[in-house]
There are 2 protein chains.
Amino acid sequence: MPQSKKINPEEILKHHELKATPQRIEVLSTFLKRNQVMSLAELNKMLGKEFDRITLYRTLNTFEEHGLIHKIPDSNGNINYALCKHESLDHSHNDNHIHFQCTSCNLTVCLEELEIPIIRIPKKFNPVKYIFLIEGICEDCDGKVKKHKGLV
Amino acid sequence: MPQSKKINPEEILKHHELKATPQRIEVLSTFLKRNQVMSLAELNKMLGKEFDRITLYRTLNTFEEHGLIHKIPDSNGNINYALCKHESLDHSHNDNHIHFQCTSCNLTVCLEELEIPIIRIPKKFNPVKYIFLIEGICEDCDGKVKKHKGLV
DNA sequence: TGATATATGCAACAATGTTTCATTTGGTTA
DNA sequence: TAACCAAATGAAACATTGTTGCATATATCA
């Protein structure tokens, strides 16, 4: 049995000053269950087609505004969603890390330990938010390619 | 009169081993005319509604594959397009710079002089492409806000 | 000029974003 | 506990964009 403290979706929602509706609890539970980055399509799939898509759309916006999740856009214009770490029960907003996405299998991960470096930009641009995505090939896909080419 | 050397869309296309069709010439000319980042909507607007949107879709893909333009995704999943500098007549592919986008007016600019810093990531992730976008407020919008608040 | 590989334009469909509005409901207060 | 109300939900409706298949048109080259 994992020694994680009991994480209660209702508590988290209330802590973020959000009404604990069944729909929000369901969405948040889905994030907690799959502790990884999810695309909208994956979310839709996990929630089932009975779940109203407009409600999901608004729920995601609300969660983002309140710092429960952050968006990870990729170069195709697809948006992935991830729980903000340390967000389960406190308010600190930390999505200021680098993300990696495999262009082959679309695996997307938060590299929590890698903060985005601060860059000086011309002073006529007032920075607020930094987005740093590294696209490439993950270990698994790399392995498959090499295997396929007879290199392993 | 600007002292720019004559830039011929047809030459550029042929240089990139692309057939110089009227549609491609029109799209490329639009990029050359407005020497700035454009969204799909802006492109559509400038080309006029007679221009077939599927042709534009494919033209943009082709241009990107051949290194004439690069895509700049933002956190809303919108993709902006920009000519690759120094791309007009040679092959070097240089979209490895930081971008800035104003969240108020959507102005998007290439900070050509700012290269994306190389970051060490866990070796199970094989990096290929780096995307670094800074979102914030541009000078103009900042000015408007301050004016509106009576701070200036 | 003729051949041909490629590009275009159209149809068709899917996914997603976004707003409006009537209805429902969680949280709070009397 | 009951009632109230601000907020959330769900349905409809519409727009934008991505994407593929296929018949036709055409840029390029021999």
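In what follows, chains carry the letters A, B, and so on, assigned in the order in which the sequence lines appear, proteins first and then strands, with residues in each chain numbered from 1. From a predicted model like this one, the values you see are computed outputs, not experimental measurements.
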Expressed as a whole number of angstroms, how long is the span from [X]:[atom1] to [N]:[atom2]?
| X | N | atom1 | atom2 | result |
| --- | --- | --- | --- | --- |
| A:M38 | C:dT16 | CE | P | 14 Å |
| A:D52 | D:dG10 | CG | P | 5 Å |
| B:F51 | C:dT8 | CZ | C1' | 10 Å |
| B:N78 | C:dT16 | CG | C1' | 11 Å |
| B:E50 | C:dG9 | CD | P | 11 Å |
| A:E17 | D:dA7 | CD | C1' | 14 Å |
| A:L13 | D:dA7 | CG | P | 17 Å |
| B:K49 | C:dG9 | NZ | P | 16 Å |

Filtered N/O pairs between nucleotides 1-4 of chain D and protein, under 3.5 Å:
none

*Can A:H70 and A:H99 be counted as having a side-chain donor-acceptor contact under 3.5 angstrom?*
yes
Side chain to side chain donor-acceptor pair (under 3.5 Å) against [X], all qualifying residues, sequence neighbours excluded:
| X | result |
| --- | --- |
| A:E135 | A:S75 |
| B:T30 | none |
| A:D52 | A:T55 |
| B:T62 | none |

*Sequence neighbours excluded, which residues qualify as salt bridge (charged side-chain N to carboxylate O under 4.0 Å, His left out) partners of B:E42?*
B:R34
*Does A:K85 reach the side chain of A:N35, with side-chain heavy atoms less than 4.5 Å apart?*
yes
*Return the angle between end axes of the helix from C:dT1-D:dA30 to C:dA30-D:dT1, with five pairs used per end and rounding to 10°.*
30°
*Indicate for each nucleotide in nucleotides 15-22 of chain D, in 5' to 3' sequence, whether protein heavy atoms under 4.0 Å reach the base (B), only the sugar-phosphate (S), or nothing (-).*
--BBBBB-
*Could you check which residues of residues 20-29 of chain B get a heavy atom under 4.0 Å from DNA chain C? Sort them by number, please.*
B:T21, B:Q23, B:R24
_Please list all pairs meeting salt bridge (Lys or Arg N to Asp or Glu O under 4.0 Å) that have one or both residues in residues 66-83 of chain A, counting only residues at least two apart or in different chains._
A:E64-A:K71
_Residue pairs, two or more places apart or on separate chains, that pass ring pair (Phe, Tyr, Trp, His ring centres under 6.0 Å) and touch residues 29-51 of chain B_ = none
*Check: A:R24 side chain, A:T59 main-chain N or O, donor-acceptor pair, under 3.5 Å*: no
*asked:* Check whether B:T108 reaches the backbone of B:N106 with its side chain - one donor and one acceptor, N or O, closer than 3.5 Å.
replied: yes
*Rest of the hydrophobic cluster containing B:L133 (Ile/Leu/Val/Met/Phe/Trp/Tyr, side-chain heavy atoms under 4.5 Å)?*
A:I131, B:V37, B:I72
*Say you draw a straight line from CZ of B:F125 to CG of A:D142; how long is it, rounded to the nearest 0.5 Å?*
12.0 Å
